[in-house]
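Before any comments, here is the structure.
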Amino acid sequence: MKRLFGVCLTAALVMASVAGCGSDSATETTEPAAATESAEAANEAAGEESTATAEETAGSSEWLSVIPGYENETGEFAKGPNGETGTSADDITLTQEQYDEIKGQNLKAAMLWAGASEWYNAMTDGAKAEFEKMGIEVVAISDAQFDPSKQATDIETSMALQPDIILTLPVDPVSGTRAFQPAVDAGCKIVFADNGVDDYKAGDQYVSIVTGDQYGMGRAAAKLMAESIGNKGKIGIIYYDVDFLVTNNRDNEFVRTIVNDYPDIEIVAMSGFSAENATGEVAAAMLTQNPDLNGIYVSWDVAAEPVVSELKAGGYKDCKVVTMDLGGNNDLDMAQGGNVYGKVADMPFQIGETMAKIAALDILGEEAPAYVLSGTVSMTKDNMVEAWNQSLNKDPDASVMEMIGK
């Protein structure tokens with residue numbers, strides 16, 4: 001996760017013609033019962049039949065009130081969980097004197113992440129680079145595997161190492177209120193990535209939240225989707241059906257942008273998921289009901305992998321996928337000219353750097369902004385190397401580099 005959550009480096013490649021997403025093989029796909037219920041429930045919640053016309057969609061608000069967090073304040077940039085206005089990550093800096101001052105304090109830090117991926121690796125690398133400059137020892141790095149109970153255990157375990165700083169992405173805003181309390185009681189400087197926890201406020205229980213430009217990412221993903229299908233066609237949306245600020249904001253802004261800015265694109269199906277490995281079943285049900293889909297949006301990269309597998313298995317080679325975050329199998333599919341057309345990413349390396357800087361500034365008694373936004377990158381097959389280096393501070397995997405001839 002990511003997601004998702006500036007300035008968009010938008011690809012210029014536009015599809016010359018639009019092809020439907022119909023299967024090129026004679027293989028029939030079977031609709032799993034659980035996925036059928038998920039898709040039907042989402043469409044029923046939207047108050048729409050899956051065959052709604054573009055005019056009907058644009059003229060109504062049903063598609064705009066399906067995804068959790070749809071009531072969040074809209075605008076150029078998303079607000080923080082307590083209504084905070086965002087500050088650019090580019091504005092967070094330390095002087096050499098401040099680096100020297102923090103270096104003499106013999107501090108320790110822990111990084112307690114919600115999951116594991118290229119995105120988390122880049123965030124870790126960015127924070128490590130800054131901590132090394134500051135002489136801060138990293139005593140723990142953990143992956144909660146998106147399990148709130150495991151994250152609570154990770155917090156408890158790390159507290160035995162007496163960290164002065166905790167950089168973390170909370171799995172669950174509700175249970176996180178209690179889970180992080182031992183760190184709050186110990187006086188740890190907590191900096192969140194992407195999301196806070198319920199009833200915590202910046203300057204009290206934690207220092208700041210650093211995240212991507214969530215609304216900007218949603219708009220950029222909508223533009224990529226439009227490019228991928230020639231600005232016209234039918235799309236499905238597979239969204240994260242959990243109250244999670246970052247993905248909710250990105251997903252909702254994607255929907256708003258499609259509805260408001262692309263009148264010739266129909267949203268014909270919306271289905272939610274809570275487990276990222278369950279999206280294949282959701283996609284199967286969506287495709288059974290709508291075999292002529294031109295594109296599918298998925299909340300983030302790892303969750304999109306089962307969707308891409310389902311498209312390949314069913315022979316839907318012309319159905320384009322747009323998602324958030326870089327890395328893994330989907331980037332190779334993009335390099336091969338497969339289903340994955342484009343991705344939008346924030347800058348996790350920059351996020352990690354900024355989290356470390358904010359913690360240090362707070363320790364030095366300097367005022368730190370409550371809500372900080374990183375930049376945004378859009379990626380297609382044409383700019384994969386550049387996008388990776390901007391977002392993750394590294395080249396794509398060797399298999400991708402070989403495929404694109406780098």
Side-chain angles (χ1 to χ4, degrees), residues 2 5 87-144 151 154-171 180 182-184 186-196 202-203 205-212 346-375 389-394:
K2 30 237 145 213
F5 314 166
T87 297
S88 171
D90 293 333
D91 296 336
I92 310 300
T93 60
L94 273 71
T95 66
Q96 186 56 53
E97 290 76 15
Q98 288 172 322
Y99 277 113
D100 292 340
E101 185 178 352
I102 205 76
K103 189 178 292 185
Q105 298 195 27
N106 298 317
L107 300 174
K108 295 185 289 186
M111 290 184 265
L112 312 178
W113 304 132
S117 66
E118 287 281 9
W119 190 86
Y120 285 98
N121 292 342
M123 198 158 49
T124 297
D125 290 344
K128 279 184 173 179
E130 279 300 309
F131 284 144
E132 186 173 348
K133 293 179 187 177
M134 301 171 188
I136 294 175
E137 179 187 3
V138 177
V139 295
I141 301 174
S142 65
D143 160 22
Q151 184 161 69
D154 291 342
I155 296 166
E156 185 178 350
T157 300
S158 72
M159 292 311 299
L161 302 172
Q162 299 181 318
D164 303 283
I165 297 168
I166 290 180
L167 309 185
T168 183
L169 197 160
V171 174
F180 284 99
V184 174
C188 288
K189 301 299 184 181
I190 301 173
V191 182
F192 291 124
D194 276 357
N195 209 11
Q205 293 86 359
Y206 70 93
V207 181
S208 180
I209 296 173
V210 186
T211 185
D346 53 20
M347 298 184 177
F349 189 90
Q350 182 188 50
I351 290 173
E353 288 180 314
T354 305
M355 293 174 77
K357 290 176 183 177
I358 286 173
L361 288 170
D362 192 73
I363 288 172
L364 293 174
E366 301 289 341
E367 185 175 356
Y371 197 62
V372 181
L373 305 177
S374 79
N389 277 278
Q390 284 181 296
S391 178
L392 302 174
N393 200 45
K394 61 184 288 189

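These numbers come from a predicted model, not from an experiment.
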Verify, without hydrogens or angle tests, whether [X] (side chain) and [Y] (backbone) share a donor-acceptor contact under 3.5 angstrom.
X      : Y      : value
Gln151 : Ser142 : no
Lys108 : Leu161 : yes
Ser208 : Pro369 : yes
Thr211 : Ala193 : no

Between [X] and [Y], is any pair of side-chain heavy atoms under 4.5 Å apart?
X      : Y      : answer
Val191 : Ile165 : no
Asn121 : Lys394 : no
Asp164 : Gln105 : no
Met355 : Glu130 : no
Lys128 : Phe131 : no
Ser158 : Leu112 : yes
Leu361 : Lys189 : no
Gln98  : Ile102 : no

Q.
Consider side chain to side chain contact (heavy atoms under 4.5 Å, CB included). Of Thr87, Asp91, Ile92, which one does Thr354 pass it with?
A. Ile92
Q | ring pair (Phe, Tyr, Trp, His ring centres under 6.0 Å), paired with Tyr206, selected from Phe180, Tyr371, Phe192 | A | Phe192
Q) For residues Gln350 and Asp90, is any side-chain donor paired with an opposing acceptor at under 3.5 Å? A) yes
Q | Under 3.5 Å side-chain donor-acceptor pair for Trp113 and Asp154 | A | no
Q. Does CD in Gln96 sit with more than 12 non-hydrogen atoms of other residues, nucleotides or ligands closer than 6.0 Å?
A. yes
